[in-house]
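What follows is one structure encoded as structure tokens, with my remarks underneath.
Keep in mind that the numbers below use all heavy atoms, side chains included, and drop hydrogens, waters and symmetry copies.
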Amino acid sequence: MLLGSLQNIKVRQPYRWLIQLNYGEPSLHYEVSGAKYRPGWELGFHFEARDQRLNRFLLDGFRRHLFEIKAELGESVEAEMWDRGWTKIYEVVPEAKLTPEYQAEVGARLAQFIICLNPIYVQLRNDVSWIHQ
């Protein structure tokens with residue numbers, strides 16, 4: 001469960017197999033989607049801004065915190081470049097039947113991602129303001 005200011009998250013579902021959540025910048029969003037290269041669900045924080053420098057800045061910033069992130073969320077979390085100049089921090093959770101219990105598990109895991117990553121994101125987003133001046 002998200003507490004305090006983290007509850008102000010906006011949700012969109014552009015496709016049946018994809019849910020995105022953001023705090024006012026839809027191109028910088030948390031995501032749950034079907035994993036592309038193996039069975040399971042990808043949970044992550046995607047940086048899909050048109051400004052590739054911003055995406056890279058955020059990825060590099062999160063990579064500087066990767067030991068702390070993995071200590072909190074586990075060794076399965078990865079931070080990498082993606083296509084179109086996009087970047088992401090994510091993990092793939094095992095596929096299972098979409099029971100209410102499994103959906104609650106995935107939702108709880110996504111909440112852990114948001115609670116861990118959002119303070120780092122807020123700091124990086126404040127630091128990056130010089131890019132857009």
Side-chain angles (χ1 to χ4, degrees):
M1 175 177 209
L2 298 175
L3 302 173
S5 65
L6 293 178
Q7 290 182 344
N8 296 326
I9 201 161
K10 295 169 179 45
V11 179
R12 82 183 264 256
Q13 186 173 7
Y15 308 102
R16 287 183 42 146
W17 48 268
L18 172 76
I19 297 173
Q20 297 175 338
L21 304 98
N22 72 81
Y23 288 103
E25 291 184 274
S27 64
L28 308 174
H29 57 265
Y30 296 93
E31 183 171 302
V32 177
S33 61
K36 297 198 184 333
Y37 302 109
R38 60 182 181 205
W41 293 96
E42 181 181 304
L43 307 178
F45 196 0
H46 289 219
F47 312 120
E48 299 176 1
R50 287 190 176 138
D51 184 343
Q52 293 181 7
R53 295 175 307 153
L54 173 59
N55 297 335
R56 184 60 190 245
F57 179 87
L58 293 170
L59 176 65
D60 291 344
F62 275 98
R63 281 182 169 164
R64 286 191 299 274
H65 293 275
L66 202 52
F67 286 114
E68 303 151 51
I69 292 168
K70 286 182 178 242
E72 179 82 19
L73 296 176
E75 289 296 318
S76 60
V77 176
E78 299 295 333
E80 64 184 34
M81 299 292 295
W82 197 34
D83 64 357
R84 299 186 222 176
W86 295 346
T87 60
K88 63 183 176 176
I89 300 168
Y90 73 100
E91 76 174 347
V92 175
V93 296
E95 186 175 49
K97 189 172 179 164
L98 290 177
T99 64
E101 295 79 19
Y102 180 71
Q103 292 177 42
E105 269 181 51
V106 171
R109 184 62 176 161
L110 183 62
Q112 289 175 330
F113 259 73
I114 295 168
I115 290 165
C116 177
L117 300 179
N118 211 65
I120 299 167
Y121 167 69
V122 169
Q123 181 60 54
L124 290 170
R125 201 65 182 101
N126 289 334
D127 292 347
V128 80
S129 62
W130 58 267
I131 288 176
H132 295 288
Q133 290 181 354

Side-chain heavy atoms under 4.5 angstrom apart, residues restricted to Ile, Leu, Val, Met, Phe, Trp, Tyr: same cluster for Leu59 and Leu73?
no
Should Leu124 and Phe45 be counted in the same cluster of Ile, Leu, Val, Met, Phe, Trp and Tyr side chains packed under 4.5 Å apart?
yes
Starting from the C-alpha separation in whole Å, work towards a yes-or-no answer on side chain to side chain contact (heavy atoms under 4.5 Å, CB included) for Glu91 and Arg109.
CA-CA 10 Å; Glu91 76 174 347; Arg109 184 62 176 161; 2.5 Å; yes
Should Trp41 and Leu98 be marked as a side chain to side chain contact (heavy atoms under 4.5 Å, CB included) after you check the CA-CA gap, both sets of side-chain angles, and the distance that decides it?
CA-CA 11 Å; Trp41 293 96; Leu98 290 177; 4.0 Å; yes
Checking Val92 against Arg38 for the side chain to side chain contact (heavy atoms under 4.5 Å, CB included) test, could you report, in this order, the C-alpha distance in whole Å, the side-chain angles of both residues, the deciding distance, and whether it holds?
CA-CA 8 Å; Val92 175; Arg38 60 182 181 205; 3.2 Å; yes
Have a look at His29 and tell me which of Leu21, Ile9, Asn22 forms a side-chain contact (heavy atoms from CB on, under 4.5 Å) with it.
Asn22
Determine the interplanar angle of the Tyr15 and Trp17 rings, folded into 0 to 90°, and report it as parallel if under 30°, tilted if 30 to 60°, perpendicular if over 60°.
parallel
Would you call Val93 and Tyr102 a side-chain contact if the rule is heavy atoms closer than 4.5 Å?
yes
Once the angle between the rings of Tyr23 and Tyr30 is folded into 0 to 90°, is it parallel (under 30°), tilted (30 to 60°) or perpendicular (over 60°)?
perpendicular
Does Arg64 come within less than 4.0 Å of Asp60, counting only side-chain N to carboxylate O?
no
How close do Cys116 and Pro119 get, heavy atom to heavy atom, and via which atoms?
O-CD, 3.6 Å
Leu58 CG to Asp127 CG distance, which is reported to the nearest 0.5 Å
10.0 Å
In Å and rounded to the nearest 0.5 Å, what is the CD to NZ distance from Gln103 to Lys97?
11.5 Å
Check the hydrophobic clustering (I, L, V, M, F, W, Y; side-chain heavy atoms under 4.5 Å; chains of links allowed) and say if Ile114 and Leu28 are grouped together.
yes
Closer than 3.5 angstrom, by distance alone: can the side chain of Lys70 be matched with the main-chain N or O of Val77 as a donor-acceptor pair?
yes
What are the two closest heavy atoms between Pro39 and Glu95, and how far apart are they?
CB-OE1, 3.5 Å
Gap between atom CG of Leu117 and atom CD1 of Ile89 - 0.5 Å precision
5.5 Å
Measure the CZ-CD distance between Arg84 and Gln52 for me, rounded to the nearest 0.5 Å.
11.0 Å
Test side chain to side chain contact (heavy atoms under 4.5 Å, CB included) on Trp82 and Glu48; report intermediate values, then the result.
CA-CA 9 Å; Trp82 197 34; Glu48 299 176 1; 3.3 Å; yes
Rounded to the nearest 0.5 Å, how far does CH2 of Trp86 lie from CD of Glu80?
14.0 Å
Would you call Arg125-Glu25 a salt bridge at under 4.0 Å N-O?
yes
Tell me which one of Tyr121, Phe47, Phe113 satisfies ring-ring contact (aromatic ring centres under 6.0 Å, His included) with Phe62.
Phe47
Does Val11 share a hydrophobic cluster with Leu110, counting links as ILVMFWY side-chain heavy atoms below 4.5 Å and allowing steps through other members?
yes
For the backbone of Arg56 and the side chain of Thr87, can you confirm whether one donor and one acceptor N or O come within less than 3.5 Å of each other?
no
Between CD on residue Glu78 and CD on residue Glu42, distance to nearest 0.5 Å:
11.0 Å
Identify whether Ile19 and Leu43 are in the same connected component of the hydrophobic contact network (ILVMFWY, side-chain heavy atoms under 4.5 Å).
yes
With heavy-atom distances below 4.5 Å as the criterion, would you say the side chains of Asp51 and Phe57 are in contact?
no
Taking the side chain as every heavy atom from C-beta outward, state whether Gln13 and Gln20 have any atom pair closer than 4.5 Å.
no
Shortest non-hydrogen contact from Ala49 toward Ser27
CA-OG, 3.6 Å
